[in-house]
Amino acid sequence: MGIFDIIGPVMVGPSSSHTAGAVRIGAFARRLLGEEPASAVIGLHGSFAATGEGHGTPLALLAGLLDLAPDDEGIPAAREIALERGLEFRFEEVDLGEVHPNSVRMFLASEGTELAVSASSVGGGRIRVFDIDGFQVDLDGVYPTVLLAYPDRAGAVAMVTTILSNAGMNIATLKAHRASRGGQALMTVELDHTPTAGVLNALRHLPHMDQVRFVPRLGFGG
Amino acid sequence: MANPEGTLAFYRAEAEERGVPLSRVFLDGEARQSGKRPEVLEALMLDRMNVMRQAVARGLARPQHSRSGLIRGDAARMERWIEGGGSLLGPAFSRLVAAALSVAEVNACMGRIVASPTAGACGVLPAALFRVAEEKGCPDEALVRAFFTAGGIGLVIEKLASLSGAEGGCQAEVGSASAMAAGALVELLGGSPAQVDHAVAFALANVMGLICDPVRGLVEVPCVKRNAMGAVNAAACAEMALAGMESVFPADAVIETMGKVGRRIPEEYRETARGGLAVLPLTGCDSCGQGNFCS
């Protein structure tokens, strides 16, 4: 937390948690998908469902999916922009259980890939992504983040950290999540610096690696 | 005994020891933490001030109407009232009120603002600091420093209490903004770090217990007009401190008390829109012929 978290962020109103945080959740999901989604089913939970409409939360979530920044004055027109760009979207109310009241679950699809992301807006525009494709994660978008899907087996973490270490990349956090022993696994790695295309390529060419996704650091407007 | 790090007393002691204003201590701390040079940070603050200035101008120039119909161009109405010579305590006071309304209305209408410390309280700092600086002829360099003082006070409040209406009621949002503005005004007008401390204590004590009861859950009523109140409170408290009045409690103790009070405020009065003004039936729109909040 610094002075510019207090005098900031620069954003469009009316609420840092309902609007700025919602834009960032949308942006995180888009970057995780790797391209503009062709379709989005957006489930609003708790306070996002109850007071989201008046706060422009659905507009903000859409704006993030469309790669608008939290301070983009086009956010109020996000529905029109989505229609222009051919993004099919639908909102619904969901009950995600005992999670933060400002939470959302998104199902996204593009030509090549599908994605399910759940996240909360936890205040001041900060977010917490807690579920990706059924895996419990804990990410806030503050660091450049690599996500790797692979079948659980011995040595996977060592192979990944070796590549990162050889490239001189410092790891801020690393967590491996698996559905069951020997089942499908998801590793999330938050880095201090943005990895080069070469590093990401090397990770993609590791044996048994099903999918490697990269989410750049989420900047804040202004 | 040394003051714990992160308290206002801690920063005040450093400022007094070095013989510099609080803004210098906060700016140096931010430079250390971010690894950015002070000049870069000052330029970044100036950018944010310019966003605030645009928000002040926008709501005064064009009536802002929110989608709910609860916000209907009151800042522009206030501006016309001032232009017509209707000011109650002189134009400086009335223009401060109009500026706070303007920024808060722009926020409610999904315009561009700087959350400071939150979006709901975004009108307080620009109104108090810009209007007083204009009145007193303070240059932008001094204003930039004042915003660092405000931000540093906000960091202390975040550490010792809370800046969130959902956690601590409106005292934590508009109240904190008002305390930040009061302290920043004292430094802007040449007051000492000790006087900044007194102004922060006055401002927060004045709104102790203020609930957060947004009508329909929206950042509109009573939020916009509470921004005006926060800016006026800040100016009053800065003036009292500059006149030599002293708080019987240090600011840190008042801030901590605000946090304790906030945690004991019933949940229906903490941004849930389940109590206070938020549950009153809406009336009063028949005469305006605008908006749709009765429908």
Side-chain angles (χ1 to χ4, degrees), chain A residues 1-24 44 46-60 62-63 68-79 100-102 120-126 192-193 219-222, chain B residues 26-27 29-30 33-34 41 44-45 47-52 55 66-68 70-71 103-120 122 125 147-148 150-155 157-159 162-167 176 180 214 216-220 223 271-273:
Chain A
M1 196 96 182
I3 299 250
F4 291 99
D5 296 310
I6 303 287
I7 311 293
V10 179
M11 55 174 281
V12 301
S15 160
S16 56
S17 48
H18 281 81
T19 319
V23 175
R24 296 185 92 222
L44 303 169
S47 169
F48 265 17
T51 65
E53 190 59 42
H55 283 120
T57 305
L59 296 170
L62 271 180
L68 270 53
D71 68 334
D72 193 311
E73 290 192 308
I75 291 172
R79 275 197 177 89
H100 193 285
N102 295 327
S120 306
S121 174
V122 296
R126 293 183 297 278
D192 282 345
H193 302 284
F220 235 146
Chain B
F26 291 133
L27 179 59
E30 185 68 19
Q33 198 204 326
S34 66
L41 297 173
L44 190 53
M45 189 63 86
D47 287 345
R48 295 204 169 182
M49 282 164 48
N50 286 333
V51 173
M52 292 179 181
S66 67
R67 291 189 299 166
S68 71
L70 290 167
I71 297 301
V103 180
E105 285 186 356
V106 166
N107 177 61
C109 299
M110 293 193 84
R112 203 157 172 255
I113 53 97
V114 181
S116 49
T118 63
C122 65
L125 272 171
F147 272 100
F148 276 98
I153 294 165
L155 279 174
I157 298 174
E158 168 75 8
K159 187 176 170 72
S162 171
L163 296 171
S164 148
E167 279 181 72
S176 295
M180 290 159 62
R216 294 201 171 173
L218 306 173
V219 190
E220 302 187 15
C223 319
E271 210 181 305
T272 55

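First the proteins, then the strands, lettered A, B, ... as listed; each starts at 1. Note that the structure is predicted; figures quoted are calculated from it, not measured.
Across all non-hydrogen atoms, the minimal contact from B:Met110 to A:Pro14 is CG-CD, 4.1 Å. For the pair A:Pro9 and B:Arg48, the tightest heavy-atom approach, listed with the atom from each and the gap, is CA-NH1, 4.3 Å.
When each of B:Met52, B:Lys159, B:Met45 is scored by its heavy-atom pairs under 4.5 Å with chain A, the top score falls to B:Met45. Counting heavy-atom pairs closer than 4.5 Å to chain A, the top-ranked of the candidates B:Gly111, B:Gly154, B:Ala273 is B:Gly111. Per-residue heavy-atom pair counts under 4.5 Å with chain B were compared for A:Ser16, A:Pro76, A:Gly8, and the maximum is reached by A:Gly8.
Side chains of A:Ile6 and B:Leu163 form a contact here, defined as non-hydrogen atoms less than 4.5 Å apart. Looking at heavy atoms from C-beta onward, B:Glu271 lies out of side-chain contact with A:Thr51 at the 4.5 angstrom threshold. At a threshold of 4.5 Å between non-hydrogen side-chain atoms, the residues B:Arg67 and A:Glu53 count as touching. Taking 4.5 Å as the limit, every side-chain heavy atom of A:Ile3 sits out of range of all side-chain heavy atoms of B:Leu41. Using a 4.5 Å heavy-atom cutoff, the side chains of A:His18 and B:Val219 are not in contact.
For the atom pair CG (B:Leu218) and NE2 (A:His55), the distance works out to 5.5 Å, reported to the nearest 0.5 Å. Residue B:Arg112 holds its CZ atom at 10.0 Å from CD1 of A:Ile75, rounded to the nearest 0.5 Å. Rounding to the nearest 0.5 Å places CG of B:Asn107 at 7.5 Å from OG1 of A:Thr19.
Residues that satisfy the side chain to side chain donor-acceptor pair (under 3.5 Å) test with A:Ser120, not counting sequence neighbours, are A:Ser103.
If you measure heavy-atom distances from B:Leu125 to chain A, the contacts under 4.5 Å come from the side chain alone. Of the atoms belonging to B:Glu167, not a single heavy atom falls under 4.5 Å from chain A.
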